[in-house]
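Below, chains carry the letters A, B, ... as their sequence lines are ordered, and counting in each starts from 1.
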Amino acid sequence: MSDQNRMSIVVFDGTIDKLFPVSIIASGGVMNDMRVDIFLTFWGLLAFRKGEPYKVSKVSKDYEEWAPEMMRVLQEKKVSSWYDTLLQAKELGDIHIYACAMTADLFDLSKEDFEPVVDEIIGVGEFIAMAQESGTTLYI
Amino acid sequence: MIGNVEVTREIDARGSFCPGPMMELIRVIRSAQIGDVIAVLSSDQGSKRDIPKWTAKANQEFIGVETLDGYDRIIVKKVR
């Protein structure tokens, strides 16, 4: 049975134009009292290595011509960073953030290599079991 | 009317983008006392729609929204 009050998000990309929607959609989950499980894999996971989140400034290849304009408006309008938005959402709500075990193994990363916001390293089977129980699953 | 409501606390979230004002309100409501009236000042386009919806879902009381000069003043009462 899937639970309409649960959302699972796979974060594959580690570019700023993808990480923003991750943090904003997770906030939307918190507003709606949902449990949100976030699975960080590949480039999405690398963005959560210690010291990395605030450094992310790349935009997806498809939209790269927008990168300077995007960074300019973010700065000019003093938009909270995607990472602060995610930290705030996690503090206020029921958000769990997992590192993909396969990616961690591939790049020789262990829990200490990630920002403390990452709760655990888990395998895909465990995450998909969460997705199976979620009314909403997104891949970003 | 909104003008007569005594506001306990005002959150100035002008200049903050969606979901900032909404999340600030959630934070403040949690620590507020029952009966407190909170006004959120926001200049983003999402809050005036999000906040009333959230208020209904969270079973709090939505008092109203007034549009002022370039921003909205959204008022919510903590009732539970």
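- Checking side-chain atoms of Arg27(B) against main-chain N and O of Gln88(A) turns up no donor-acceptor pair under 3.5 Å.
- No more than 12 heavy atoms of other residues, nucleotides or ligands lie within 6.0 Å of CZ in Arg9(B), so this atom counts as exposed by the packing criterion.
- Annotation: the span from Lys57(B) atom NZ to Asp33(A) atom CG amounts to 8.0 Å, rounded to 0.5 Å.
- By the criterion of side-chain heavy atoms lying less than 4.5 angstrom apart, applied directly or through intervening Ile, Leu, Val, Met, Phe, Trp or Tyr residues, Ile140(A) is grouped together with Ile16(A) in one hydrophobic cluster.
- Within 6.0 Å of OH on Tyr63(A) lie no more than 12 heavy atoms contributed by other residues, nucleotides or ligands.
- Hydrophobic clustering (ILVMFWY, side-chain heavy atoms < 4.5 Å, transitive): Phe42(A) and Tyr139(A) are in one cluster.
- Applying the 6.0 Å contact sphere to CD of Glu64(A) captures more than 12 heavy atoms from other residues, nucleotides or ligands.
- Lys77(A) contributes atom NZ, which lies 13.0 Å from atom OG of Ser16(B) (distance to the nearest 0.5 angstrom).
- Shown here is Glu65(A), whose CD atom has more than 12 heavy atoms of other residues, nucleotides or ligands within 6.0 Å.
- Atom CD1 of residue Ile29(B) and atom CG of residue Leu92(A) lie 12.0 Å apart, to the nearest 0.5 angstrom.
- For the residue pair Ile24(A) and Cys18(B), the shortest heavy atom distance occurs at CD1-O, 4.3 Å.
- For the atom pair CD1 of Ile26(B) and CD of Glu91(A), the computed distance is 11.5 Å after rounding to the nearest 0.5 Å.
- In this structure, no portion of Ser80(A) lies under 4.5 Å from any heavy atom of chain B.
- Residues Asn32(A) and Lys53(B) form no side-chain contact, since every pair of their non-hydrogen atoms from C-beta on lies 4.5 Å or further apart.
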